[in-house]
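Here is the structure we will look at, set down as structure tokens.
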Amino acid sequence: MNHIPVWKFYFMGSPIVSLAGKRLVTKIQSLEFSKLTSSLQPAKKKKGKNNNSEEKNYSVYITDNINFQADKSKHRFLRSMIGSIMSPTALQSITPAIRNIAETFVEHAIVSGEGDVCMERICTDYTAELRDIYSLWVNSGILVRFTKAYKARKYLEAQITEQINHLKRGKPNASTLSNMVYAINEEEGQTRLTDKEVLENALFLVAAGTETSSSTLTLLVTALAINPRVWGKLIEESRAACNDDILLLNDRNRIIYEKLMALPYLDAVVNEALRIGSITGGFPRKVKETIVVDGYQIPKGWSVFGNYRLSHYLDPVTRNTEDPNDDSHMNIQTGFQPERWLSPETTPSEFLAFGAGPRYCLGSNLALLEMKMFMFVLTRKVDTLNLVVPKDKIKWNPYSIIPKPLDGAAVRISRRRH
């Protein structure tokens, strides 16, 4: 299909301009706070019966969190606070715990491997379990067991509120939630986040990465089952790394975070899955005053949308530019080629899997660690990975944010024998 980088569509009657390509997406993101604002507004206050202000949230979205924060100073404060707990040093401290959880769920998959294994369920439970160990001290695993999002949110609200109250009655600890409760914004006169802001940001951290990470892992496992050559090379790299003591500290048998993240073929495999299976884009931003982008006038009140998936599709390095209808580079069966990331000449020029600008995904390092650890453990423990259905018979879930098989990526696996 012949796509263009700039086009307009309507959503619920409102005009939205889609922009594709790193140059255009970066340019529009640079206007954040000055000429753009969130198209989803936080909860509004309404006068109650006694003329008191009552907070009423008229949106089904979580809008009082960092992703929708319209105040530049507060957004910077939140990014600084949350970013500190996503640093390499902080992630190294939880790497052993992530490895233990990955081994638990991979072992469960192996034990279940006598029949068909639903890797989507394994990946979903794995990423949900990780939200518990990442110092929120909330049993977020329950999220995946609810069929209705409203019930899941109400349960999580109650759990997080209970922990907030517990922290305020006691003392600070090392948890992420504690950091948010006790953090002080010096730019805003030594102010702290309100309980509602802590709640909304905690909910955002719990929910934000679970669906995307689990779906990307599901797609990645599917891609490896389709491409046994790639699976074999990934096994060779991970097992060689351990044999050469590249990854493991001899005294405590701990995986070194920086070295795991730097394994070249593992990095290429994960990036390729993110390239093909990226989310469509971030939330639309509303234009506060009329702007001109690349010769196109976007009127005040319209919304703009950074289209990440289309950016990947239009990448001249990976796309067959001679045939605009050739989309094989975005097909998991024909276009999954991790080797393209190993050479400067073939490395994609458009890669926006985690967004761009001030709204760049804060959890990108954590998401990459989760995915790479799972694949590292999987390649260490499993020899063969085969689809239950032929690759040309795969049916894709039309409702998933990220492409994944309708059968939940059903595979048959065998345990490593040597």
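All heavy atoms count here, side chains included; hydrogens, waters and symmetry mates do not.
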Any side-chain heavy-atom pair from Asp267 and Trp341 closer than 4.5 angstrom? no
Could you go through the side chain to side chain donor-acceptor pair (under 3.5 Å) check for Glu236 and Tyr265 one step at a time? CA-CA 10 Å; Glu236 289 178 9; Tyr265 201 68; over 6 Å; no
Closest non-hydrogen atom pair between Pro405 and Ala409, with its separation: CB-N, 3.8 Å
Using atom types as modelled and distance alone, determine if a side-chain donor or acceptor of Asn307 lies under 3.5 Å from a backbone N or O of Leu310. yes
Using side-chain heavy atoms (C-beta onward) and a distance below 4.5 Å, is Tyr296 in contact with Trp7? no
Output yes when a side-chain donor or acceptor of Asn227 lies under 3.5 Å from a complementary backbone atom of Arg229, and no otherwise. no
For salt bridge (Lys or Arg N to Asp or Glu O under 4.0 Å), just list the numbers for Lys168 and Asp195, CA-CA rounded to whole Å, side-chain angles, deciding distance to a tenth of an Å, and then say yes or no. CA-CA 10 Å; Lys168 293 176 75 172; Asp195 287 358; 3.0 Å; yes
Audit row: Thr379, Ser238, side chain to side chain donor-acceptor pair (under 3.5 Å) steps and yes/no: CA-CA 7 Å; Thr379 54; Ser238 65; 2.8 Å; yes
Can you tell me if OH on Tyr360 sees more than 12 non-hydrogen neighbours from other groups inside 6.0 Å? yes
How about Leu91 and Ile98: do any of their side-chain heavy atoms sit closer than 4.5 Å? no
Applying salt bridge (Lys or Arg N to Asp or Glu O under 4.0 Å) to Lys196 and Glu200, what does each step give before you reach the verdict? CA-CA 6 Å; Lys196 187 173 190 337; Glu200 296 287 10; 2.9 Å; yes
Does a salt bridge link Asp294 with Lys27, judged by any charged N lying under 4.0 Å from a carboxylate O? no
Ring geometry between Tyr126 and Phe374 (parallel below 30°, tilted from 30 to 60°, perpendicular above 60°): tilted
Leu224 versus Val269, closest heavy-atom pair with distance: CD2-CG1, 4.3 Å
Donor-acceptor pair, Glu120 side chain versus Thr218 backbone, under 3.5 Å? no
Quick one: does Lys372's side chain have a donor or acceptor within less than 3.5 Å of a partner on Met261's backbone? yes
Looking only at atom types and distance, does a side-chain atom of Arg340 sit under 3.5 Å from a main-chain N or O of Gly335, one as donor and one as acceptor? yes
When you look at Asp327 and Arg319, which way does the side chain to side chain contact (heavy atoms under 4.5 Å, CB included) test go after all the steps? CA-CA 7 Å; Asp327 61 358; Arg319 187 187 189 196; over 6 Å; no
Would you sort out whether Leu274 and Leu368 count as a side chain to side chain contact (heavy atoms under 4.5 Å, CB included), showing the intermediate values? CA-CA 10 Å; Leu274 288 167; Leu368 290 170; 3.9 Å; yes
Can you list the residues that meet the side chain to side chain donor-acceptor pair (under 3.5 Å) rule with Arg169, with sequence neighbours excluded? none
Can you see which heavy atom on Pro338 is nearest to which on Ala268, and at what distance? O-CB, 3.3 Å
So, do Ser311 and Val25 sit near enough that their side-chain heavy atoms are less than 4.5 Å apart? yes
Distance-only, no hydrogens or angles: does the Asp71 side chain make a donor-acceptor pair with backbone N or O of Lys74 under 3.5 Å? yes
Can you tell me how far apart CD1 (Ile332) and OG1 (Thr334) are? Round to the nearest 0.5 Å. 9.0 Å
For the pair Glu350 (side chain) and Lys22 (backbone), establish whether a donor and an acceptor sit closer than 3.5 Å, ignoring hydrogens and angles. yes
Distance (rounded to the nearest 0.5 Å) between Ile94 CD1 and Leu369 CG: 6.5 Å
Without swapping roles, check the side chain of His312 against the backbone of Leu352 for a donor-acceptor pair under 3.5 Å. yes
Set out, in order, the CA-CA distance, both residues' side-chain angles and the distance that settles side chain to side chain contact (heavy atoms under 4.5 Å, CB included) for Phe305 and Ile28, then state yes or no. CA-CA 9 Å; Phe305 171 73; Ile28 201 70; over 6 Å; no
Quick check for you: to the nearest 0.5 Å, what is the distance between Glu289 atom CD and Leu31 atom CG? 9.0 Å
Closest heavy-atom pair, Ala273 versus Thr216, reported as atoms and distance to 0.1 Å, is CB-CG2, 4.4 Å
Could you check if a side-chain atom of Lys8 sits within less than 4.5 angstrom of a side-chain atom of Ile16, using non-hydrogen atoms only? no
On a heavy-atom basis, the closest approach of Lys404 and Ser215 is NZ-OG, 3.2 Å
Just how far is it from atom OG1 of Thr318 to atom NE2 of His329, taken to the nearest 0.5 Å? 4.5 Å
Which is it for Leu36 and Glu32 under the side chain to side chain contact (heavy atoms under 4.5 Å, CB included) test, yes or no, and what are the steps along the way? CA-CA 5 Å; Leu36 301 179; Glu32 187 73 24; 4.2 Å; yes
May I ask you to decide if Ser278's main-chain N or O and Arg309's side chain share a donor-acceptor pair within less than 3.5 Å? yes
Derivation and outcome, salt bridge (Lys or Arg N to Asp or Glu O under 4.0 Å), residues Arg275 and Glu272: CA-CA 5 Å; Arg275 182 188 69 82; Glu272 187 68 349; 2.9 Å; yes
Measure the spacing between CG of Leu387 and CD1 of Ile226 and express it to the nearest 0.5 Å. 5.5 Å
Thr347 side chain to Ser343 main-chain N or O, any donor-acceptor pair under 3.5 Å? yes
Heavy-atom distance under 4.5 Å between the side chains of His108 and Asp125, does that happen here? no
Heavy-atom distance under 4.5 Å between the side chains of Val411 and Asp116, does that happen here? no
By side chain to side chain donor-acceptor pair (under 3.5 Å) - contacts of Ser414 (at least two apart): Thr384
Atom CG in Leu314, atom OG1 in Thr321: separation rounded to 0.5 Å? 11.5 Å
Decide, yes or no, whether a salt bridge links Arg99 with Glu103 under the criterion of side-chain N to carboxylate O below 4.0 Å. yes
Hits for side chain to side chain donor-acceptor pair (under 3.5 Å) against Glu162, two or more places apart or cross-chain, chain-then-number order -> none
Please report the closest heavy-atom contact between Phe33 and Ala70, naming both atoms and the distance. CD2-O, 3.4 Å
Examine the side chains of Thr37 and Lys286 and answer whether a donor and an acceptor come within less than 3.5 Å of each other. no
Side-chain contact, heavy-atom cut-off 4.5 Å: Leu193 with Val181? no
Taking 4.0 angstrom as the limit, do Asp383 and Arg239 come out as a salt bridge? yes
